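These numbers were taken from a predicted model, which means no experiment stands behind them.
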Amino acid sequence: MPLGLAGPGPAVAQVEAQLDAAAPGAFEVKRYADEAGARTALREQDVLGAIVVGPSPKQPPGLLVASAAGDAPTTAATTAYEQLTVQLGTPQKVDDVAPLPEKDSRGVSAVLLCVALTIGALIFQLVLSLAAAHVGAPRRWLSCLCYAVVAGAAGALFAGPVTGTLDGHFLELLGVATLLSLTVVGVVAACQALLGALGIAVGALLVLPLGLASSGGVVDPHFQPAFYGAVSEYLPMGSTVSLLRRVLYFDGNAAAGPLLTLALWAAGAWLVTVAMERIRPFRPLMVIVPAAAVAPSRTAAARTA
């Protein structure tokens, strides 16, 4: 876990040695000249906590955390700091530079919003695959875009004004929720275009079970098994959770990376879908025929018999 250390060189080196002795290999220490540098690094998510050492040995070290970054890194940084203050015999001084709102005190609302939008997009694409036998490609793609906008608006309204858990950022929520919905529909559509009916299962596995497990919403990627931690920021749900946190709680700092990742997923998925339509036109999983269209043929067959 990246942890910042700020203060005079000798004092910082001593604290770093104590941290390494207490938890070997647990922290990737990044040094800063002063508290202001550590605060900036924390708000830009370069570190997930920072210990500030004063110029005087008599001045107790302070801890900077950002609870909005997640429970696991906050707990890890706090535990290490508490052990340090016990060794030094100094009082504790903790400052939360990015606290969570009261209505989302565990920081899970962003994850729940992503899960709801992902499940909705999967269901929409499945229904479209079952029922779009006689619908042309442009109309199908337009319906996907309309769905993404409607689902994004519904998600932003519910998470914002309705429940108040992510209130105060409606336009940002609308944009991110719409982009996620469009991405999920596009990923499943692209997988279906490449693999047929099996592609729906592959796409669903990619965006939901694997995406949720590695999203970092419940457990930060630094505390996950190596594979999940490595892919977290490169999957749609993981990048969306990071994007929402940075927009909602960190004033948009370091939001460009996850936004670009999500946009590339959307663009890539829809480019594959459009290209495959020219190579191998869309085929629905089944054709739904109205009963009125079937009844006359049955009657004629009976008369012939």
| field | Pairwise side chain to side chain donor-acceptor pair (under 3.5 Å) hits with a residue in residues 164-180, at least two apart | value | T163-T165
| A137: partners by side-chain contact (heavy atoms from CB on, under 4.5 Å), with sequence neighbours left out | R140, W141, E277
| query | Roughly how far, to the nearest 0.5 Å, is CD1 of I200 from OG of S129? | reply | 4.0 Å
| said: Side-chain heavy atoms nearer than 4.5 Å, only ILVMFWY residues, links allowed to pass through others: does that put I119 and V188 together? | reply: yes
| message | Could you tell me if the side chain of M276 sits less than 4.5 Å from the side chain of L194, heavy atoms only? | response | yes
| Rounded to the nearest 0.5 Å, how far does CZ of R39 lie from CG of D95? | 4.5 Å
| request: Say whether W270 and V202 are linked into one hydrophobic cluster, either directly or through other cluster members, by side-chain heavy-atom distances under 4.5 angstrom. | output: no
| query | Are any of the side-chain heavy atoms of L179 and L259 separated by less than 4.5 Å? | reply | yes
| said: Is there a side-chain contact (heavy atoms from CB on, under 4.5 Å) between L42 and L64? Walk through the geometry before answering. | reply: CA-CA 8 Å; L42 188 56; L64 303 177; 3.9 Å; yes
| request: Quick one: which residue pairs count as a side chain to side chain donor-acceptor pair (under 3.5 Å) with a foot in residues 224-237, not counting sequence neighbours? | output: E233-S242
| task | Using the test side-chain contact (heavy atoms from CB on, under 4.5 Å), find all partners of A98 that sit at least two apart in sequence or belong to another chain. | result | R43, A66, A68, F250
| request: Return yes when atom NZ of K93 has more than 12 non-hydrogen atoms of other residues, nucleotides or ligands closer than 6.0 Å, and no otherwise. | output: no
| said: Applying a strict under-4.5 Å side-chain criterion to I, L, V, M, F, W and Y, I'd like to know whether M1 and V52 cluster together. | reply: no
| Honestly curious: do L264 and V272 fall in one hydrophobic cluster under the side-chain, below-4.5 Å linking rule? | no
| query | Is it true that a side-chain atom of Y147 and a backbone atom of G120 form a donor plus acceptor pair closer than 3.5 Å? | reply | yes
| message | As a quick check of understanding, evaluate side-chain contact (heavy atoms from CB on, under 4.5 Å) for V65 and V97, giving each step before the final call. | response | CA-CA 6 Å; V65 295; V97 303; over 6 Å; no
| task | Check the pair S143, F124 against side-chain contact (heavy atoms from CB on, under 4.5 Å), reporting the backbone distance first and the verdict last. | result | CA-CA 10 Å; S143 68; F124 172 82; 4.0 Å; yes
| task | Take L48 and L3 through the test side-chain contact (heavy atoms from CB on, under 4.5 Å) and record every step on the way to the result. | result | CA-CA 6 Å; L48 297 178; L3 180 71; over 6 Å; no
| said: Could you measure the distance from the CG atom of L262 to the CG atom of L235? Nearest 0.5 Å is fine. | reply: 11.0 Å
| remark: Minimal heavy-atom distance between Q83 and A22, with the atoms involved, is OE1-CB, 3.9 Å
| query | Taking all non-hydrogen atoms of both residues, which atom of C191 and which atom of G199 are closest, and how far apart? | reply | CB-O, 3.1 Å
| query | For G252, does its backbone N or O pair with a side-chain atom of R246 as donor and acceptor, under 3.5 Å? | reply | no
| task | Answer yes or no: is there a side-chain heavy-atom contact under 4.5 Å between Y32 and D46? | result | yes
| Pair listing, side chain to side chain donor-acceptor pair (under 3.5 Å) test, anchored in residues 1-28, at least two apart | E16-R31, Q18-Q87
| With hydrophobic residues grouped by side-chain heavy-atom distances under 4.5 Å, do V150 and V184 end up in a single group? | no
| task | State, to 0.1 Å, how close V185 and A121 come at their nearest heavy-atom pair, and which atoms those are. | result | CG2-CB, 3.7 Å
| query | Heavy-atom distance under 4.5 Å between the side chains of Q92 and P60, does that happen here? | reply | no
| Looking only at atom types and distance, does a side-chain atom of Y81 sit under 3.5 Å from a main-chain N or O of P61, one as donor and one as acceptor? | yes
| task | Give a yes or no on this: more than 12 heavy atoms of other residues, nucleotides or ligands lie within 6.0 Å of atom CZ of F223. | result | yes
| remark: In this structure, CG of L173 is separated from CZ of F158 (nearest 0.5 Å) by 13.0 Å
| What pair of heavy atoms forms the shortest contact from P161 to F170, and how long is it? | CD-CD1, 4.3 Å
| query | A38 and A50: which non-hydrogen atoms are nearest, and at how many Å? | reply | CB-CB, 3.9 Å
| Where do T74 and S67 come nearest, in terms of heavy atoms and distance? | OG1-CA, 3.5 Å
| If you measure from CG on L243 to CG on L180, what distance do you get to the nearest 0.5 Å? | 10.0 Å
| task | Take D71 and R106 through the salt bridge (charged side-chain N to carboxylate O under 4.0 Å, His left out) test and state the conclusion after the steps. | result | CA-CA 8 Å; D71 278 344; R106 305 303 296 177; 2.7 Å; yes
| field | From W265 atom CH2 to L182 atom CG, the distance as rounded to the nearest 0.5 Å | value | 14.0 Å
Got a list of side-chain donor-acceptor pairs under 3.5 Å for residues 108-118, not counting sequence neighbours?
unit_1	atom_1	unit_2	atom_2	d
S109	OG	D104	OD1	3.0
T118	OG1	C114	O	2.8

